S.K.: 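Just dropping this structure here.
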Amino acid sequence: MTSHEDVFGVPPEGRWAAPGRVNLIGEHTDYNEGFVLPAALPHSTVATVSRRPDRLLRLHSADGAGGVTTLDLDALEPGRPGGWAAYPAGVVWALLGEGHALGGADVHFTSDVPVGAGLSSSAALEVVTALAFGDLYGLGLTPDALARVARRAENDFVGMPCGILDQMASAACAAGHVLFLDTRDLTRRQVPFAMEEAGLRLLVVDTGVTHAHADGAYARRRAECEAGAAALGVPFLRDVPPDRLDDALARLTDPVVRRRVRHVVTEDRRVERVVALLDAGRPRAIGPVLTEGHASLRDDFEVSCPELDLVVSAAGAAGALGARMTGGGFGGSAVVLVDAEAAQAVGAAVLAAFADAGLRAPRVFAAVPSAGARRLPL
Ligand code: ADP
Ligand code: MG
């Protein structure tokens, strides 16, 4: 693989990493100001950076469409550039927009985060860029500030109307923990998730599938949630009191909006239930809550797909404790909680189910909750 110096002719001044994530539970809640519970993956995107005396931003990714993308810092605007470079360029644009004084730089990325698999390679790319520039220019950015600037890049520069889950997970997760995050005000707590001691494994199953309508459907789900909140007279679905859910549902006339609301409100409760079980030292007991969450995403929120449903049903039939899709849906990945001794058999059963259905073999790996964004030695 080519190094920073191979590509740019100068050695890097520093090296930073930001991970991808799996969300244990709390899906499509972040843009409703609700709760999420992600863990950082051991996979991360690594950036090396050297500053330049001029105002050029030169970007290279070992995983991007070849070559170096050269940009003028003062000519960045949404849509220019497009493609993969929009993610890091959007971060620089967002930092400049906040009034930070940045100069030109050469930036080289490598990554082992699966791309487009619902494991947040985009947030890893954004957050590592924000962290690197923040460090090099002494901006003193907190994890919240990193996540906010990264989300702004994805929302306003790339044009993907995501919530802040992915960026906060990449910026703020801690090894051995899941991050219990209130997306309303970013208050959070690191919740120990000692899988190894409990004899558990968390499998990630990357189906390798992306369904083409995913982007439009995501925006439509957001709009349906906003319509639900408006019909109920609350700012966000987070504000629907869970003990008044039945009343709220009865007041909604549109059956689609009713199902969307039911998912979001019950999903926030599932996050709290999982956190309570983890706090009580009962990680094994979260399995059924995960599977319940999948049913809600499949039936009420309608963001699953046959491949994700197959992972969940095949894993369940093979003795998994629980399983659900993770990430936005319409393809991407699922998480499966298993007893350590059953991990092999459950993984094999999922692969066999895909083979029987004539589907391309998914990628299965065990994920250990890992560190959030950080500086690395050169
Ligand atoms: P996810 O975040 O689930 O992986 P997205 O569709 O949100 O999926 O983001 C994937 C896009 O992010 C890719 O199509 C590519 O443009 C960009 N990307 C992510 N990681 C890299 C990388 N290491 N190099 C180049 N582009 C990347
Ligand atoms: Mg993404």
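We use all heavy atoms of the structure for the numbers below, so side chains are in, but hydrogens, waters and symmetry mates are not. Counting starts at 1 for both ligands and their atoms, following the listed order. Nothing here was measured: the structure is a model prediction, and the numbers come from that model.
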S.K.: Considering only distance and modelled atom types, tabulate donor-acceptor pairs under 3.5 Å from the side chains of residues 353-364, sequence neighbours left out.
M.R.:
residue, atom, partner, partner atom, Å
Arg360, NH2, Gly208, O, 3.0

S.K.: From the Mg ion (ligand 2), how many protein N/O/S atoms are found at a distance short of 2.8 Å?
M.R.: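 N, O or S atoms of the protein closer than 2.8 Å: 1.
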S.K.: Do Ser3 and Asp6 get their side chains close enough for a donor-acceptor pair, meaning under 3.5 Å?
M.R.: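 There is such a pair (donor and acceptor under 3.5 Å, judged by atom type) between the side chains of Ser3 and Asp6.
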S.K.: Any side-chain to backbone donor/acceptor pair from Asn155 onto Met160? Under 3.5 Å, distance only.
M.R.: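 Here the side-chain-to-backbone pair exists.
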S.K.: Out of curiosity, is Ser120 lining ligand 1, as in a heavy atom under 4.0 Å away?
M.R.: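 True for this residue.
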S.K.: Between Thr326 and Asn23 (side chain of the first, backbone of the second, donor and acceptor by atom type, cut-off under 3.5 Å), is there such a pair?
M.R.: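 Judged by distance alone, yes, a pair lies under 3.5 Å.
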S.K.: Regarding ligand 1, does Gly116 bring an N or O atom to under 3.5 Å of one of the ligand's N or O atoms?
M.R.: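 Yes, Gly116 has an N/O under 3.5 Å of an N/O on ligand 1.
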S.K.: If hydrogens are left out, which of Ala47, Pro88, Ser121 has an atom nearest to atom 1 (P) of ligand 1, that is, the closest non-hydrogen atom?
M.R.: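 When every heavy atom of Ala47, Pro88, Ser121 is considered, Ser121 comes closest to atom 1 (P) of ligand 1.
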S.K.: May I ask you to check whether Ser122 has an N/O atom sitting below 3.5 Å from an N/O atom of ligand 1?
M.R.: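 Yes, since at least one N or O of Ser122 sits under 3.5 Å from an N or O of ligand 1.
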S.K.: Measure the acute angle between the ring planes of His60 and Phe8, then classify it against the limits of 30° and 60° as parallel, tilted or perpendicular.
M.R.: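 Ring orientation of His60 relative to Phe8: perpendicular.
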S.K.: Could you check whether His294 and Asp309, counting side-chain N and O atoms only, form a donor-acceptor pair closer than 3.5 Å?
M.R.: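 Per modelled atom types, Asp309 and His294 side chains form a pair under 3.5 Å.
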S.K.: Is the contact between Tyr87 and ligand 1 made by the side chain, the backbone, both, or neither, using heavy atoms and a 4.0 Å cut-off?
M.R.: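 Under 4.0 Å from ligand 1, Tyr87 contributes side-chain atoms alone.
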S.K.: Please confirm whether the backbone N or O of Pro12 pairs with a side-chain atom of Glu5, one donor and one acceptor, at under 3.5 Å?
M.R.: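 Judged by distance alone, no pair lies under 3.5 Å.
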S.K.: On the six-membered ring of Tyr31, is Arg221 placed so that its NZ or CZ lies under 6.0 angstrom from the centre and within 45° of the ring axis?
M.R.: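 Geometry flag: not set, cation outside 6.0 Å or 45°.
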S.K.: Do any nitrogen or oxygen atoms of Ser61 lie less than 3.5 angstrom from nitrogen or oxygen atoms of ligand 1?
M.R.: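 For ligand 1, there is an N or O atom that lies under 3.5 Å from one belonging to Ser61.
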S.K.: Any N or O on Gly118 sitting closer than 3.5 Å to an N or O of ligand 1?
M.R.: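 Indeed, backbone or side chain, Gly118 has an N or O that close.
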S.K.: Is Ala117 touching ligand 1 with its side chain, its backbone, both, or neither, if touching means heavy atoms under 4.0 Å apart?
M.R.: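 It is the backbone that touches ligand 1; the side chain stays farther off.
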S.K.: Mind checking whether Phe365 and His43 have ring centres under 6.0 Å apart?
M.R.: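 Close enough - the centres of the two rings lie under 6.0 Å apart.
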S.K.: Can you figure out which of Asp112, Thr110, Val115, Leu119 has its heavy atom closest to atom 13 (C) of ligand 1?
M.R.: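 Comparing heavy atoms across Asp112, Thr110, Val115, Leu119, the nearest one to atom 13 (C) of ligand 1 lies in Val115.
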S.K.: Using 30° and 60° as the class boundaries, would you call the ring planes of Tyr218 and His28 parallel, tilted or perpendicular?
M.R.: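 Tilted: the ring planes of Tyr218 and His28 meet at 30° to 60°.
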